[in-house]
Enquirer: 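Take a look at this one; I'll ask things after.
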Amino acid sequence: MNERFDPARADSHWQKVWDEKQCFRADDASSKPRSYVLEMFPYPSGRIHIGHVRNYTMGDVLARYKRMRGFEVLHPMGWDAFGMPAENAAMEQGVHPGGWTRENIANMKAQLKRLGFALDWSRELATCEPDYYGHEQALFLDLYAAGLVYRKESAVNWDPIDQTVLANEQVIDGRGWRSGALVEKRKLSQWFLKITDFAEELLEGLDSLDKWPEKVRTMQENWIGKSQGLEFSFDLSNGDRLPVYTTRADTIFGASFVAVAADHPVAQRAAQGNVEAQAFIDLCKASGTTAAELETAEKLGFDTGLTAKHPFTGADLPVYIANFVLMEYGTGAIMAVPGHDQRDFDFATKYGLPIQRVIAASADDADRPFTGEAEAGDGICVNSGFLDGMSVDDAKAAVIAHAEAGGWGEGKTVWRLRDWGVSRQRYWGTPIPFIHCGTCGVVPVPKAQLPVVLPEDVDFSVPGNPLARHPTWKHVDCPACSKPAMRETDTLDTFVNSSWYFLRFASQPGDRPFDPAAIAKWLPVEQYIGGIEHAILHLLYARFWTRALARIGMIEIKEPFASLFTQGMVTHETYELEYLDPLTGEKSGKTTYLAPDEIERVGDKVYWRNLKNERVPVKIGRVIKMSKSKKNVVDPDEIVATYGADAIRWFMLSDSPPERDLPWSEAGIEGCGRFVQRLWRLFGQYDAAATGEDKALDRKRDQTIAAAAEDIEALGFNKAVARIYELTNTAEKAAPSASRSAAIRTLLLLVAPMMPHLAEEAWQAMGEGLVAEAAWPPFDPALLVEDEVTIAIQVNGKLRDTQTVAKGMDKAELEAIAVANNKVQAILSGAAPKKVIVVPDRLVNIVA
RNA sequence: GCGGGCGUGGUGGAAUUGGUAGACGCGCGGGAUUCAAAAUCCCGUUCCGCAAGGAGUGUGGGUUCGAUUCCCACCGCCCGCACCA
């Protein structure tokens, strides 16, 4: 064996061998138990970043481990290839989105290959290719036929200069990111998927997802937002009726005003002939569209002059148009109870409206003033007529019963979840397969004519949607009446692409989206791994899409991902250089960020060399998510070139628990590189002919096998790594013996999923075949149990001594040993213990 | 603003889920080897204290024989908020 392990040679050699032997191709016909391991597929931005490396390394370790445990493993990879960055590149660099995307895919695929992932590349797919999105169009038509697709008017961010719809992230302080124009809200007729039809099942289905993180289930539950409340109508002073929805019917006696959304019909009518009202509505439209912006914005309102009759007190409540009321939720109108809702409180304070207490801790507390904020908590009703003294829950029921008996309102379930708007007024997406005909209306494209292919000849030099202004593409004959008609020029949200790709991986027939038999074999995904940022949208949409396909009988499964793991981000420290004022040479207060390869480390200080080759001190900034704008990025390719694929893979798995953030460090990756070499030297000491037994080492070996398996299955890679270090330390120090050779061989198999190149190289040197085809080492359960344990001896809960005893010693014996202990005797000084607590094999606590 | 999460030595973290806090890694200090360096190996490394001993898991309270773990309040940081993926 060579002195040093040479990753540059070994990595590419073994990657070639795995490719040639098709080691990681999933066999659909296999009789082995199956395992589908999937990581969220990447957007082909151009380069793999460290976050991808972390994500795919975790999946790879699990996939390789499962193979060693005798499973037929499906571990595929593809590309989430539609989306805005390709169009931005087209506008900024004059390249075609398709060419740009495909080139990025080629580059990133080469990068992934250099990391040695055990992927089945024969199933690779890219969502931007017609043989993917054509099937998506077919599925969309199936959902349309099932009544799950419809059109309605919906507001978008409109940039009047660029003549385009902007994504929320493209709107900065109310202005278009490129044009700087004030963004307007504009209503467009758009396509929607009826996810709300599935609200109840998506909510209930969460209970069955016991291998999902609790936090993700809670977030989805809150997102779906089932609420029970009261819907009732106010009689308005102009004779109209105004329906409102409230979840706090118990606080109805505290209602001091009524508020409607800016786009509510009542607001629209109020604006007719009223310049000020119209101005206020325009102001609301000009503000941000996101929920976060609406809720953090100052509460503003406009008094319509109308009043609403309170159903119990008969009081006339003013009706406001308010910027914090959402048209999409409930009825778009609310009864406002300032005492017990913070938004209403802020509003009432600003406009001098009454704030009445109707919930208090007790009846004595009924007139306690508020201390600057609303009290949304529990209590009993006060100042509330017939509700006085009731609990919040009882009062809710009583008001609803009263309303239903009186015929002026009813109990109602309302969902926060809204239907999914899938229309995008963009080129680089799946064309929506519909045709608009002057005679027949909206007509689906016949399936035989699919795919509706994106035209390649598009022009990004002028503003607007290139698909809509393409000279010929949209002009077609109506499939129904053959008269000239127009194609739909909206494309589908890219979340649709990622809502079924995991089904397409199981089989890729040319004539249909998937083969149900293959889905029955492989799905659900046994382990899905990706970022927490997808906790709600992607994962909820994929769940919905799966259920929708199940409902129309295309597949059997209802939940796509049996187990979910959300990994943390990769972070890095930032380097901030303060600009000096060019005139005075003084610090200017402005800073710029430096990249890791622009700085120089001396001890724990960091410097930058200026043009005169002088060292300028650099401030080490916060450790944050790697991002180009902060320049705290490292390129995986450079790391692989310097340290090898195994070192970076090992770094990704070491130290930080996978669900938490992983701080990148130069020292850390160097340590990983050293460990690869250290293992190589140890593997070189393997001696098949060694004899002699080392019982302690045998025990350590088998304990490590069992623990590492448990850790990997729970995705606790950092713990598995720590165990492997321990066994390495022990094996290195042990004298040569058959046991030591067995430990070394075991160690090689344990690291095989994590450092596959090193493992192959050493396995070959030991005269074996491919470690990619090797089995996980067996262990003897009898060896796992220690026969001696060290117990703690405490007095009043404080550790005073420890003692090694036989495992399983009974309570009386342990107590006797502890009481007789010198240190215990010294503290007791003759007194008898008040109480003794004995936990066998753990501790004895003496209460003095 | 609303929803979700996290907080342990210089540093990343571990702790059979209420039972010996700091496993293992990084860094640092000392030593060996070397003409020298790199690499490698050995020893040490929570804090205060010469020691005996004491303190200690973001802060403040509580429950318990015993709390990193459970409860309450607060502080700080992170993620999501429906057209980024």
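Numbered from 1 within each chain, the chains take letters A, B, ... in sequence-line order. Just so it is clear, the model here is predicted, and its values are computed rather than measured.
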Enquirer: Starting from the 5' end of RNA chain B, give me the residue, A:Leu417 or A:Met569, whose nearest nucleotide shows up first.
Expert: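 Looking at the nearest nucleotide for each, A:Met569 comes out on the 5' side.
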
Enquirer: Please classify B:U17 as syn or anti, treating any glycosidic angle within 90° of 0 as syn.
Expert: syn

Enquirer: Stem ranges for RNA chain B, with three or more consecutive Watson-Crick or G-U pairs under 3.5 Å?
Expert: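 So the stems come out as B:1-7 with B:75-81, B:10-12 with B:24-26, B:27-32 with B:40-45, B:46-48 with B:53-55, B:58-62 with B:70-74.
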
Enquirer: Measuring from the side chain of A:Leu537 (C-beta onward, heavy atoms only), which nucleotide among B:A82, B:G3, B:U20 has the closest atom?
Expert: B:A82

Enquirer: Rounding to the closest angstrom, what is the interatomic distance between B:C71 and B:C81 at atom P?
Expert: 29 Å

Enquirer: Could you check whether A:Trp79 and A:Tyr501 have their ring centres less than 6.0 Å apart?
Expert: no

Enquirer: Tell me whether the OP1 or OP2 atom of B:A14 has a side-chain N or O from A:Arg660 closer than 4.0 Å.
Expert: yes

Enquirer: Check every strand shown and say whether A:Glu533 touches a base, only sugar-phosphate, or nothing at a heavy-atom separation below 4.0 Å.
Expert: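 Counting heavy atoms under 4.0 Å across all strands, the contact made by A:Glu533 includes a base.
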
Enquirer: To the nearest Å, how far apart are A:Asn497 CG and B:A85 P?
Expert: 9 Å

Enquirer: In whole Å, measure the gap between the C1' atoms of B:U46 and B:G56 for me.
Expert: 8 Å

Enquirer: Which whole-number value in Å describes the distance from A:Glu169 CD to B:C84 C1'?
Expert: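 Roughly 3 Å, once rounded to whole Å.
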
Enquirer: Of the options B:A23, B:U40, B:A15, whose atoms approach the side-chain atoms of A:Arg681 most closely?
Expert: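 Looking only at side-chain atoms, A:Arg681 lies closest to B:U40.
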
Enquirer: A:Phe495 side chain: which of B:C83, B:U40, B:A85 is closest?
Expert: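 Comparing B:C83, B:U40, B:A85 against the side chain of A:Phe495, the answer is B:A85.
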
Enquirer: Base, sugar-phosphate, or nothing: which does A:Glu87 touch, judged by heavy atoms less than 4.0 Å apart?
Expert: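 Nothing, no heavy atom under 4.0 Å.
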
Enquirer: Could you check A:Arg800 against A:Lys835 and say which one's nearest nucleotide on RNA chain B is further toward the 5' end?
Expert: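 The 5'-side residue here is A:Arg800.
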
Enquirer: Let's test your reading of the model: under 3.5 Å, does the base of B:C6 pair with the side chain of A:Glu659 as donor and acceptor?
Expert: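 For A:Glu659, whose side chain was compared with the base of B:C6, there is no donor-acceptor pair (under 3.5 Å).
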
Enquirer: I need the A:Glu136 CD to A:Leu492 CG distance, nearest 0.5 Å.
Expert: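 If I round to the nearest 0.5 Å, the distance is 5.5 Å.
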
Enquirer: If you count heavy atoms of other groups shown closer than 6.0 angstrom to CD of A:Glu533, is the number above 12?
Expert: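 More than 12 within 6.0 Å, yes.
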
Enquirer: Within this structure, what is the CZ-to-C1' distance between A:Arg678 and B:C26, rounded to whole angstrom?
Expert: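 Roughly 13 Å, once rounded to whole Å.
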
Enquirer: Nearest to the side chain of A:Ser656, heavy atoms from C-beta on, is which of B:G13, B:C84, B:C24?
Expert: B:G13

Enquirer: Starting at atom NZ of A:Lys152, determine the distance to atom P of B:A82, rounded to an integer number of angstrom.
Expert: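 Roughly 15 Å, once rounded to whole Å.
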
Enquirer: Looking at A:Arg217 and A:Glu214, is there a salt bridge between them, counting it only when a charged N and a carboxylate O are closer than 4.0 Å?
Expert: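 Salt bridge between A:Glu214 and A:Arg217, a charged N being under 4.0 Å from a carboxylate O: yes.
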
Enquirer: Using a cut-off of 4.0 Å on non-hydrogen atoms, how would the nucleic acid contact of A:Ala535 be classed: base, sugar-phosphate, or nothing?
Expert: nothing

Enquirer: Under 4.0 angstrom, heavy atoms only, what part of the nucleic acid is A:Ser423 near: base, sugar-phosphate, or nothing?
Expert: base

Enquirer: Under 4.0 Å from OP1 or OP2 of B:C83: is there any side-chain N or O of A:Arg424 that close?
Expert: yes

Enquirer: Could you tell me the separation between the CD1 atom of A:Ile793 and the CG atom of A:Asn845, rounded to the nearest 0.5 Å?
Expert: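 Reported value, rounded in 0.5 Å steps: 11.0 Å.
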
Enquirer: Rounded at 0.5 Å granularity, tell me how far CD1 in A:Ile172 sits from CZ in A:Arg175.
Expert: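 So the CD1 of A:Ile172 and the CZ of A:Arg175 are separated by 11.5 Å.
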
Enquirer: Do any side-chain nitrogens or oxygens of A:Asn718 fall under 4.0 Å of OP1 or OP2 in B:A14?
Expert: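 The answer is yes; a side-chain N or O of A:Asn718 sits under 4.0 Å from OP1 or OP2.
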
Enquirer: Does A:Lys215 make a side-chain N or O approach to OP1 or OP2 of B:G80 shorter than 4.0 Å?
Expert: no

Enquirer: So, is A:Asn729 near the phosphate of B:G25, with a side-chain N or O under 4.0 Å from OP1 or OP2?
Expert: yes

Enquirer: Given B:C42, B:C24, B:U20, identify the nucleotide with an atom nearest to the side chain of A:Tyr725.
Expert: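 Minimum distance to the A:Tyr725 side chain belongs to B:C24.
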
Enquirer: Distance between the P atoms of B:G31 and B:C75, in whole angstroms?
Expert: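 It comes out at 50 Å once rounded to the nearest Å.
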
Enquirer: Counting distance alone, no hydrogens or angles: does the base of B:C83 have a donor or acceptor under 3.5 Å from a partner atom on the side chain of A:Arg426?
Expert: yes

Enquirer: State whether the number of non-hydrogen atoms from other residues, nucleotides or ligands found under 6.0 Å of A:Arg343 atom CZ is greater than 12.
Expert: no

Enquirer: Where the side chain of A:Ile837 is defined as all heavy atoms beyond and including C-beta, which of B:C65, B:A82, B:C79 is the nearest nucleotide?
Expert: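 Per side-chain heavy atoms of A:Ile837, the pick is B:C65.
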
Enquirer: Given the ring of A:Phe192, does A:Lys152 sit roughly above its face, with NZ or CZ under 6.0 Å from the centre of the six-membered ring and within 45° of the axis?
Expert: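 Geometry flag: set, cation within 6.0 Å and 45°.
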
Enquirer: With a non-hydrogen cut-off below 4.0 angstrom, is A:His534 in contact with a base, only sugar-phosphate, or nothing?
Expert: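 Since a base atom lies under 4.0 Å of A:His534, the category is base.
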
Enquirer: May I ask you to say what A:Asn845 touches in the nucleic acid, namely base, sugar-phosphate or nothing, with a heavy-atom cut-off under 4.0 Å?
Expert: base

Enquirer: Ignoring the backbone of A:Pro657, work out which of B:A14, B:A21, B:C81 is nearest its side chain.
Expert: B:A14

Enquirer: Using atom P in both nucleotides, what's the gap between B:A55 and B:G44 to the nearest angstrom?
Expert: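 Between the two P atoms, the distance is 26 Å.
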
Enquirer: If the cut-off is 4.0 Å, is A:Thr494 near the phosphate of B:A85, judged by side-chain N/O to OP1 or OP2?
Expert: yes

Enquirer: Which nucleotide, B:A82, B:U20, B:G27, lies nearest any side-chain atom of A:Leu799?
Expert: B:U20

Enquirer: From A:Arg426 CZ over to A:Asp493 CG, what is the distance, rounded to the nearest 0.5 angstrom?
Expert: 9.5 Å

Enquirer: Confirm from the modelled atom types if A:Gln425 and B:C83 form a donor-acceptor pair under 3.5 Å, side chain to base only.
Expert: yes

Enquirer: What's the closest nucleotide to the side chain of A:Ala722 if the choices are B:U20, B:C24, B:C79?
Expert: B:C24

Enquirer: Using a 90° cut-off around 0 for syn, call B:G9 syn or anti.
Expert: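 You should classify B:G9 as syn.
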
Enquirer: Calculate the interatomic distance between A:Asp661 atom CG and B:C79 atom P; express it in whole Å.
Expert: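 Value for this atom pair: 8 Å.
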
Enquirer: Can you check whether A:Arg674 has a side-chain N or O nearer than 4.0 Å to OP1 or OP2 of B:G27?
Expert: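 A:Arg674 to B:G27 OP1/OP2: side-chain N or O found under 4.0 Å.
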
Enquirer: Does any donor-acceptor pair link the side chain of A:Asn222 with the base of B:G3 at a separation under 3.5 Å?
Expert: no

Enquirer: Answer yes when A:Asp711 and A:Arg723 have at least one side-chain N-carboxylate O distance shorter than 4.0 Å, and no when they do not.
Expert: yes

Enquirer: Decide yes or no on side-chain contact (heavy atoms from CB on, under 4.5 Å) for A:Thr491 and A:Phe82, but give the supporting numbers first.
Expert: CA-CA 10 Å; A:Thr491 50; A:Phe82 273 138; over 6 Å; no

Enquirer: Given B:U20, B:G80, B:C26, which nucleotide is nearest the side-chain atoms of A:Ile536?
Expert: B:G80

Enquirer: Counting any heavy atom closer than 4.0 Å, what does A:Thr218 reach on the DNA or RNA strands: base, sugar-phosphate only, or nothing?
Expert: sugar-phosphate

Enquirer: Given the P atoms of B:G62 and B:U68, what is the spacing between them in whole Å?
Expert: 15 Å

Enquirer: Taking atom P in both B:C65 and B:A15, compute the distance separating them and give it to the nearest angstrom.
Expert: 27 Å

Enquirer: When the C1' atoms of B:G10 and B:U59 are compared, how many Å lie between them, rounded to an integer?
Expert: 22 Å

Enquirer: Sticking with atom P, work out how far B:U57 lies from B:C50, rounded to a whole angstrom.
Expert: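 B:U57 and B:C50 have their P atoms separated by 24 Å.
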
